Structure formats: C-alpha cells, structure tokens
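Worksheet for the structure shown next.
Below, chain A is the first sequence line, B the second, and so on; all start at residue 1. Every heavy atom of this structure was used, including side-chain atoms; hydrogens, water molecules and symmetry mates were not. This one's a predicted model, so the numbers in the text were calculated from it and none came from an experiment.
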Number of protein chains: 2
Amino acid sequence: MNKERDDTLASRISRVLAERIISGVLPPGERLRQDHVAEEFGASHVPVREAFRRLEAQGLAVSEPRRGVRVAAFDLKEVREVAEMRAALEVLALRHAVPHLTPAILDRAEAATAAADSSRDVRSWEAANRAFHRIILEPCSMPRLLAAIDDLHAASARFLFSAWRSSWEARTDHDHRAILTALRQGKGEEAAAILGRHVGWIGKTPVRTAAGEVRDAFSIIG
Amino acid sequence: MNKERDDTLASRISRVLAERIISGVLPPGERLRQDHVAEEFGASHVPVREAFRRLEAQGLAVSEPRRGVRVAAFDLKEVREVAEMRAALEVLALRHAVPHLTPAILDRAEAATAAADSSRDVRSWEAANRAFHRIILEPCSMPRLLAAIDDLHAASARFLFSAWRSSWEARTDHDHRAILTALRQGKGEEAAAILGRHVGWIGKTPVRTAAGEVRDAFSIIG
DNA sequence: CGTGTAGAAATTATAGATAATTTGAGATCA
DNA sequence: TGATCTCAAATTATCTATAATTTCTACACG
C-alpha cells in the first residue's frame with residue numbers, strides 16, 4: 001500500500017547504500033557482498049547487482065571483475081580532484097544560471113545559507129550547503145551538468161563526514177553571502193569567480209588544533 | 001580459449017551497445033528490449049540489465065522505471081551542454097598535465113593529429129581526434145576526471161556521426177597544431193585557452209552548403 | 001466514438017546452477 | 001622448527017532458467 005512503487009527495487013537499494021557510503025557507515029575498502037546485502041533487504045541478488053553498477057558509476061564503489069565490489073577508497077589526491085572538478089563545473093553552471101536568476105531564487109538561497117550557519121551538526125550543515133549550491137545552479141537547466149555536479153557533491157560529502165566525524169563547530173559561510181550579494185548586484189562573473197575559489201581546493205594554511213590537524217585540510221570543502 | 005575473460009559479460013555487452021549507439025546504428029529513441037539483446041548475445045537478460053545500467057550512467061540510454069530502456073535522444077541544447085562541459089574539464093586536465101608533458105608525449109600527439117588529417121572517413125578521424133586529446137590529457141593522472149571526459153567524448157562522437165553520416169571531407173586541424181606548438185614553447189596557459197575555444201561551442205558561422213546546412217552547426221566539435 | 005476488458009509482450013524479481021577465487025590444512029623442503 | 005607449496009573445501013560472483021507484476025494493444029460493447 002504505502003510502498004513507493006514509483007521506483008525500482010534496485011534504485012532503492014542503491015540509494016540506501018550510497019547514503020551509508022557517504023555518511024561513513026560503510027568505510028572505504030569495505031567489501032560489499034551481494035548475498036548479504038540481498039538478505040538484509042529481503043531481496044534477491046540481481047537487483048543488488050544493478051545497485052552496485054549504479055554505485056560504481058557514481059564513483060562510490062569499485063568493482064574488480066570476478067572478485068567483488070568494495071567501497072571506493074579515497075585519498076587526499078582524489079579530494080583535490082573532486083574539488084577542482086566541482087569548481088570547474090559549478091562555475092560553468094553558474095554562468096548559465098545567472099540570466100535566469102530571480103530575486104525569489106536568491107531569497108531561497110539566502111535561507112539555505114542561514115540554515116547552514118545555524119546548523120549544529122555536520123549532517124544538517126552539509127544538507128543546507130548542498131541546497132545552497134543546487135538552488136543557484138539549477139536555473140542553468142543543463143540536466144547532464146547538474147547530474148555530474150550532484151555526484152561530485154556526494155563525493156565531497158564523504159570527505160567532509162570522514163574528517164568531521166566526531167568534532168564539529170558551526171561556521172558561518174562568508175563566501176555564500178559574498179556570492180549572493182554579487183548576484184544581487186548583477187555581477188555574475190564576480191560571483192562565478194568567488195564560487196570557483198570557494199569550491200576549489202585552497203588548503204594552503206593548515207591550522208594546528210589540539211584535537212587533530214587533519215581536519216583543517218578538509219575544512220575548506222564548501 | 002581466446003575469449004577475453006578479463007572482463008565480465010555485462011561489460012562486453014555494454015561496450016558493444018555503446019559502440020552502436022555512438023555510431024548511430026541504434027538511432028535515438030530506439031527501444032532496447034532486454035530479451036532481444038540477450039538472445040542476440042546468446043545470454044540471459046540479467047547481464048543485459050546490468051549493461052543497461054552502465055549505458056544509463058554514461059548518458060547513452062534513458063530508462064523509465066517499468067517501461068523499458070531507450071537510446072537517449074539528443075537535441076542541439078544537449079550538444080552545447082556536452083561541448084561546454086568538455087571545454088571546462090579538458091582545460092582543467094590540461095593545466096594539470098602540462099608539468100608532466102614530455103617531448104615524446106607531444107610527438108605521439110603530433111602523430112595522432114597527422115593521422116586525423118589524413119583520415120578519409122569520420123570513424124577514423126574521430127578515433128584519431130580522441131587519441132590526440134587523450135594523449136595530451138592523460139599525464140594529469142586524475143582518473144575520475146579522465147573518465148568523465150571519456151564519457152563526454154562518447155557523447156560528442158554521437159553528434160559527430162549523426163551529422164556527418166553520409167558526406168565527409170577530410171579537414172586539417174589547425175587548433176591541434178597550435179596547441180602543440182604552444183605546449184612545446186612551454187606556454188601552458190595559452191595551450192589551455194586554445195583548447196577551451198577548440199572544444200567549446202563556437203557554431204557562430206553557419207556556412208551554407210548545397211548538400212545540407214545542418215552539418216555546419218556540428219562541424220566545430222573537436 | 002469513447003470506454004472497458006481480455007490477451008500479449010515486456011520488465012522486474014526469485015531461485016537455482018556454474019565457475020572462479022579465496023582460504024586453510026597438511027605435507028614437503030630448507 | 002619454520003616456511004612454503006599443494007590441493008581440497010568453502011565462499012562468492014556470475015549467469016541461466018523460471019515465475020510474477022505491470023504495461024501495451026486490440027477488440028468488443030455501450
């Protein structure tokens with residue numbers, strides 16, 4: 001009755017597994033055994049295999065021909081890669097979105113920024129942050145580009161969660177506000193430039209904290 | 001014995017279908033019925049379904065939940081989208097590849113350009129063109145970025161083949177040579193700028209031909 | 001002429017069979 | 001005694017075969 005029958009079982013499994021990989025419940029390198037997953041979802045292993053294929057395409061899992069599927073590992077090198085790809089593609093998307101931005105859209109973006117600033121845990125901050133980016137980029141109406149950006153956001157979120165697993169303090173996003181004011185003033189190129197720097201990798205200044213020094217390297221993922 | 005057993009059956013099917021979609025043998029909108037494909041390959045429908053998922057992720061096919069899979073359609077709008085994504089990502093890749101480019105690599109790139117110039121059909125031209133781009137971008141050693149570019153190249157090739165199906169005359173690629181000379185002179189940024197213009201959409205000058213005027217719009221896909 | 005219902009076809013999911021890889025115990029050799 | 005090699009058993013991925021919803025089509029009926 002209440003079963004969501006709009007989507008297939010495979011895509012449901014894929015969503016749940018993606019959620020777990022992104023949030024870190026499934027750690028990098030973990031083997032994904034199809035029989036176990038199938039049993040957990042009360043399903044057969046065929047839809048599970050299809051879900052694996054989708055995760056593989058999203059870059060969340062890697063599959064070796066007859067040796068199974070593992071959660072994709074990621075190193076600092078790939079963090080940079082994802083960040084730079086995001087920077088390049090989001091700047092492109094914003095350039096095309098600018099002509100279609102309305103005050104109402106910018107207001108929604110501002111609300112998302114406020115939600116991010118007032119969030120108290122990483123999960124809600126990440127959700128609000130992603131919402132901000134989505135809102136200002138969606139009007140470009142380039143579905144393929146937006147889909148690619150979404151996948152990169154998922155990868156970014158993995159790094160974010162893995163770094164700030166335990167400790168997290170709220171932070172205000174000055175860049176977001178700067179982007180919004182530039183957009184309100186019609187300075188599209190300036191907004192794009194800020195966005196590019198904002199998303200891109202700028203971990204040049206590692207601030208050493210008592211708790212851990214790794215977290216600084218990840219902190220600039222916006 | 002001689003069966004390539006390094007890869008799975010599903011990926012083999014996916015490659016063949018991708019080839020057909022790109023070359024235009026399977027026209028846009030064509031339904032892909034899993035039973036028929038399975039029968040043709042002498043296989044069951046489960047690996048076929050996995051192949052469909054991969055094609056879907058590559059943007060070569062679209063799937064409606066319980067209504068089957070069709071070859072992805074494409075319009076001029078999406079051609080632009082793909083071209084601009086390629087421009088953004090290939091520029092990024094080239095910037096990272098520049099420090100690792102050696103004279104030997106540039107020689108191989110030059111050979112690929114020569115092969116493109118002397119090719120007499122679209123197929124071989126496209127292959128040589130793609131080789132050129134791959135050769136100069138690969139040294140960036142960013143696997144995720146390169147994979148994304150590969151998928152975009154496949155999409156580009158679809159448009160290319162659909163436009164130049166029947167008529168084709170050889171053309172020399174001045175841009176490729178300009179990129180190479182800039183790289184040999186150590187002018188990385190200049191090369192990146194040329195590449196961006198080369199790949200990006202610049203169909204501003206439609207040249208009317210006796211045969212058909214559509215082909216001009218596609219002709220700039222490099 | 002529109003609507004509703006049977007029949008056909010196709011997609012989705014399940015269960016079972018096959019093939020390959022990994023694991024572990026035991027034997028052989030240094 | 002310790003290490004390595006071999007071979008068998010178990011584990012796991014891959015594929016085939018079959019069943020069950022769902023959608024599309026055609027035809028009759030109001």
Sorted by chain and residue number, the side chain to side chain contact (heavy atoms under 4.5 Å, CB included) partners of B:Ala148 (sequence neighbours excluded) come out as A:Met85, B:Leu89
With 3.5 Å as the limit, what N/O pairs link the protein to nucleotides 7-11 of chain C?
residue: C:dT11; atom: OP2; partner: B:Gln34; partner atom: N; Å: 3.4

Sorted by chain and residue number, the salt bridge (charged side-chain N to carboxylate O under 4.0 Å, His left out) partners of B:Glu126 (sequence neighbours excluded) come out as B:Arg130
Hits for ring-ring contact (aromatic ring centres under 6.0 Å, His included) against B:His96, two or more places apart or cross-chain, chain-then-number order -> none
Contacts of A:Arg70 meeting salt bridge (charged side-chain N to carboxylate O under 4.0 Å, His left out) (sequence neighbours excluded), chain-then-number -> none
To the nearest angstrom, the CZ-P distance between A:Phe41 and C:dA13 comes to 13 Å
Which atoms of nucleotides 14-18 of chain C (N or O only) lie under 3.5 Å from a protein N or O atom, and what are those distances?
residue: C:dT14; atom: OP2; partner: A:Ser44; partner atom: N; Å: 2.7
residue: C:dG16; atom: O6; partner: A:His45; partner atom: NE2; Å: 2.9

Pairs under 3.5 angstrom only: tabulate donor-acceptor contacts from the side chains of residues 133-144 of chain A to other protein residues two or more places apart or in another chain.
residue: A:His133; atom: ND1; partner: A:Glu90; partner atom: OE1; Å: 2.7
residue: A:His133; atom: NE2; partner: A:Gly222; partner atom: O; Å: 2.6
residue: A:Arg134; atom: NE; partner: A:Asp150; partner atom: OD1; Å: 3.4
residue: A:Arg134; atom: NH1; partner: A:Glu138; partner atom: OE2; Å: 2.7
residue: A:Arg134; atom: NH2; partner: A:Asp150; partner atom: OD2; Å: 2.5
residue: A:Arg144; atom: NH1; partner: B:Glu78; partner atom: OE2; Å: 3.4
residue: A:Arg144; atom: NH2; partner: B:Gln58; partner atom: O; Å: 3.0

Identify all pairs in which a protein N or O lies below 3.5 Å from an N or O of nucleotides 6-8 of chain D, and state each distance.
none

- So, B:Arg53 and B:Glu56, do they make that salt bridge, N to O below 4.0 Å? yes
Considering only distance and modelled atom types, tabulate donor-acceptor pairs under 3.5 Å from the side chains of residues 103-111 of chain A, sequence neighbours left out.
residue: A:Asp107; atom: OD1; partner: A:Arg184; partner atom: NH1; Å: 3.4
residue: A:Glu110; atom: OE1; partner: A:Arg184; partner atom: NH2; Å: 2.6

In a table with atom names and distances, give each donor-acceptor pair under 3.5 Å that connects a side chain of residues 18-29 of chain B to protein atoms at least two apart or in another chain.
residue: B:Glu19; atom: OE2; partner: B:Arg123; partner atom: NH2; Å: 2.6
residue: B:Arg20; atom: NH1; partner: B:Glu40; partner atom: OE1; Å: 3.4
residue: B:Arg20; atom: NH1; partner: B:Glu40; partner atom: OE2; Å: 3.2
residue: B:Arg20; atom: NH2; partner: B:Glu40; partner atom: OE2; Å: 2.6
residue: B:Ser23; atom: OG; partner: B:Glu19; partner atom: O; Å: 3.0
residue: B:Ser23; atom: OG; partner: B:Arg20; partner atom: O; Å: 3.3

Rounded to whole Å, the CZ-C1' distance (A:Arg53 to D:dC15) equals 12 Å
ring-ring contact (aromatic ring centres under 6.0 Å, His included) pairs touching residues 48-70 of chain B, sequence neighbours excluded, are none
Residues passing the salt bridge (charged side-chain N to carboxylate O under 4.0 Å, His left out) test with A:Asp35, sequence neighbours excluded, are none
